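The structure appears below as structure tokens.
All values derive from a computational prediction rather than experimental measurement. Counting starts at 1 for both ligands and their atoms, in listed order.
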Amino acid sequence: MNNVRIIGTGSYTPDNIVSNDELSSFLDTSDEWISSRTGIKNRRISKGEGTTQLAVNAARKAIASSHIQANEIDLIIVATMSPDNFTPSTACEVQREIQADNAMCFDVNAACSGFVYALNIATTYIKSNMAKKALVIGSEVLSKISDWNDRGTCVLFGDGAGAVIISEASEEGIMNFHCKSLGKLSQHITCGARDLNNHYISKQTDKYIRMNGQEVFKFACTYVPASIQKLMEHSPYSLQEIDYFVLHQANKRIISSISKRLKIDINKFYMNIESYGNTSAASIPIALDEMNRKKILVKGNKIIIAGFGGGLTYGAGLITI
Ligand code: ACO
């Protein structure tokens with residue numbers, strides 16, 4: 001089996017920074033409520049850019065950082081739960097914009113676990129010799145599927161995109177994954193698509209994100225540490241040897257609870273939720289790109305990424321830089 005490494009990262013978020021105080025000007029909420037329960041202070045909200053545009057901008061930066069040409073990419077996977085269209089896929093639109101004409105392209109929907117799932121798929125393609133270079137993107141414009149009258153959900157989400165380029169390599173980089181789904185708990189995070197409206201029936205659907213916050217909180221604090229433990233069963237390293245944990249940025253308290261359950265110092269858990277809120281599939285690649293640009297990641301670092309969210313889905317991956 002081929003070795004696979006991350007060779008470049010990129011991210012892009014809309015310019016429009018919306019603070020908790022600004023939300024309080026039109027919603028019955030407060031900076032105190034939002035920041036004490038979630039750790040969120042600001043989020044980026046699109047004033048016109050769609051999911052594809054954010055993905056394209058993140059992809060261009062990842063390609064520049066990896067010093068490859070777009071036509072070397074033979075696989076593009078976009079993880080998103082908020083695409084601009086049912087068809088074409090976001091990945092095909094990214095392909096057109098960046099002229100990656102040699103790629104196979106498709107989207108993956110695993111909500112906030114989407115990037116971990118997509119990276120798992122792309123890694124498997126390269127390990128099994130079906131691709132050599134892949135562009136994996138998490139891109140979301142959650143503001144278009146958030147109910148701006150529901151203070152319990154809209155304050156949590158933000159818009160953004162992150163991307164990585166992975167490549168066949170001589171040394172081992174992306175090692176293994178543990179990804180699972182719990183469809184039986186799907187009712188805890190939902191967002192309907194279109195109404196069923198045809199010649200025979202007219203049935204409305206709820207087109208906004210609805211979430212049973214406390215159930216999701218319990219799910220994340222239970223299943224994510226268990227997934228990381230499972231991942232480590234097939235790892236040459238112990239948990240203590242991991243340099244950084246890059247978890248889906250949904251809630252500071254969830255990350256803190258997971259660090260306690262794993263008995264790992266909270267300072268090893270990278271957090272930027274304060275600036276971006278929950279950007280679903282984009283949160284992990286945005287964090288990876290920030291860490292890369294800040295030179296926090298250095299060659300040889302061992303990191304664990306882990307996502308959790310709608311589906312319900314969860315998963316973790318072990319990566320050496
Ligand atoms: N501002 C002020 N008050 C609020 C707000 C708000 N924005 N939102 C809710 N409240 C009120 C509620 O109305 C309720 O009031 P009441 O007691 O008078 O009825 C009170 O605050 C408590 O509400 P809860 O929903 O019970 O608050 P909780 O402490 O559970 O915190 C939260 C809510 C932050 C959503 C938490 O449950 C959480 O983070 N859950 C995990 C969410 C998550 O991680 N999701 C990730 C996956 S998302 C995805 O996949 C798309």
Side-chain angles (χ1 to χ4, degrees), residues 18-43 51 79-83 108-118 138-160 179-183 185-193 206-225 227 247-259 269 271-274 276-284 286-287 306-315:
V18 178
S19 68
N20 292 342
D21 285 336
E22 188 170 342
L23 290 181
S24 324
S25 69
F26 59 90
L27 267 176
D28 181 13
T29 189
S30 65
D31 175 49
E32 200 284 316
W33 194 96
I34 301 170
S35 53
S36 65
R37 278 187 170 70
T38 68
I40 301 167
K41 284 277 186 191
N42 295 297
R43 72 284 293 140
T51 303
T80 186
M81 61 180 273
S82 54
V108 162
N109 178 349
C112 306
S113 311
F115 180 77
V116 180
Y117 274 46
S139 184
E140 305 280 13
V141 177
L142 297 176
S143 61
K144 70 185 169 193
I145 55 169
S146 299
D147 178 351
W148 285 82
N149 294 312
D150 175 10
R151 65 179 182 170
T153 52
C154 75
V155 303
L156 305 172
F157 300 114
D159 302 334
C179 293
K180 291 280 176 195
S181 311
L182 285 168
L185 300 181
S186 60
Q187 75 277 12
H188 293 313
I189 306 175
T190 59
C191 179
D206 182 347
K207 298 178 197 67
Y208 295 109
I209 303 177
R210 305 292 173 206
M211 184 171 65
N212 184 344
Q214 285 172 12
E215 288 302 323
V216 176
F217 200 103
K218 276 190 274 178
F219 150 73
C221 295
T222 311
Y223 283 88
V224 176
S227 183
L247 269 47
H248 168 47
Q249 305 287 302
N251 185 313
K252 207 171 178 174
R253 290 189 299 143
I254 291 178
I255 295 178
S256 160
S257 158
I258 292 171
S259 92
F269 287 74
M271 276 194 252
N272 63 9
I273 187 167
E274 186 174 321
Y276 301 110
N278 177 347
T279 57
S280 187
S283 82
I284 293 172
I286 289 174
F308 53 91
L312 299 178
T313 56
Y314 62 99

Should Gly310 be counted as touching ligand 1, given the test is an N or O pair under 3.5 Å?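 Min N/O separation from ligand 1 is below 3.5 Å for Gly310.
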Does ligand 1 have a heavy atom under 4.0 Å from the side chain of Asn278, from its backbone, from both, or from neither?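 For Asn278, only side-chain atoms sit under 4.0 Å from ligand 1.
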Ligand 1 contact on Leu142 by region, counting heavy-atom pairs under 4.0 Å: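 Contact part for Leu142 vs ligand 1: neither.
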Evaluate whether atom NZ of Lys144 has more than 12 neighbouring non-hydrogen atoms of other residues, nucleotides or ligands under 6.0 angstrom away.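 Yes, NZ of Lys144 has more than 12 neighbouring heavy atoms, counting only those of other groups under 6.0 Å.
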Just wondering, more than 12 heavy atoms not from Tyr208 lying within 6.0 Å of its OH?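 No, OH of Tyr208 has 12 or fewer neighbouring heavy atoms, counting only those of other groups under 6.0 Å.
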Any protein heavy atom sitting closer than 4.0 Å to atom 19 (O) of ligand 1?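 No, no protein heavy atom sits under 4.0 Å from atom 19 (O) of ligand 1.
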Under the 4.0 Å line, does any protein heavy atom show up next to atom 45 (N) of ligand 1?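 It does; a protein heavy atom is within 4.0 Å.
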Checking [X] side chain against [Y] main chain: does a donor-acceptor pair fall under 3.5 Å?
X      : Y      : result
Asn109 : Ala111 : yes
Ser113 : Gly315 : no
Asn20  : Ile40  : yes
Arg253 : Arg37  : yes
Thr190 : Ser186 : no
Ser139 : Thr51  : yes
Glu140 : Ala281 : yes
Thr279 : Gly160 : no
Ser227 : Tyr223 : no

Minimum-distance protein heavy atom relative to [atom]:
atom                    : value
atom 6 (C) of ligand 1  : Thr29 OG1, 3.3 Å
atom 41 (C) of ligand 1 : Gly213 O, 3.5 Å
atom 31 (O) of ligand 1 : Arg37 CD, 3.6 Å
atom 35 (C) of ligand 1 : Leu156 CD1, 3.9 Å
atom 43 (C) of ligand 1 : Val216 CG1, 3.6 Å
atom 14 (C) of ligand 1 : Arg151 NH2, 4.7 Å
atom 9 (C) of ligand 1  : Trp33 CZ2, 3.4 Å
atom 51 (C) of ligand 1 : Cys112 SG, 3.4 Å

Can you sort out which atoms of ligand 1 are near [X], meaning under 4.0 Å from one of its heavy atoms?
X      : result
Gly309 : 50 (O)
Ile189 : 47 (C), 48 (S), 49 (C), 50 (O)
Thr38  : 34 (C)
Gly152 : 8 (N)
Ala250 : 44 (O), 46 (C)
Val155 : 7 (N)
Ile254 : 41 (C), 44 (O)

Between Asp150 and Arg210, is there a salt bridge with N-O shorter than 4.0 Å?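 Counted as a salt bridge, because a side-chain N and a carboxylate O are separated by less than 4.0 Å.
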Would you say Ser280 touches ligand 1, if touching means a heavy atom closer than 4.0 Å?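 No, Ser280 has no heavy atom closer than 4.0 Å to ligand 1.
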Does any part of the side chain of Val116, heavy atoms only, come nearer than 4.5 Å to the side chain of Phe308, both counted from C-beta?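 Side chain of Phe308 against side chain of Val116, heavy atoms only: no contact under 4.5 Å found.
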Run down the list Gln214, Glu140, His188 and name the one with the heavy atom closest to atom 24 (P) of ligand 1.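 Selected option, by shortest heavy-atom distance: Gln214.
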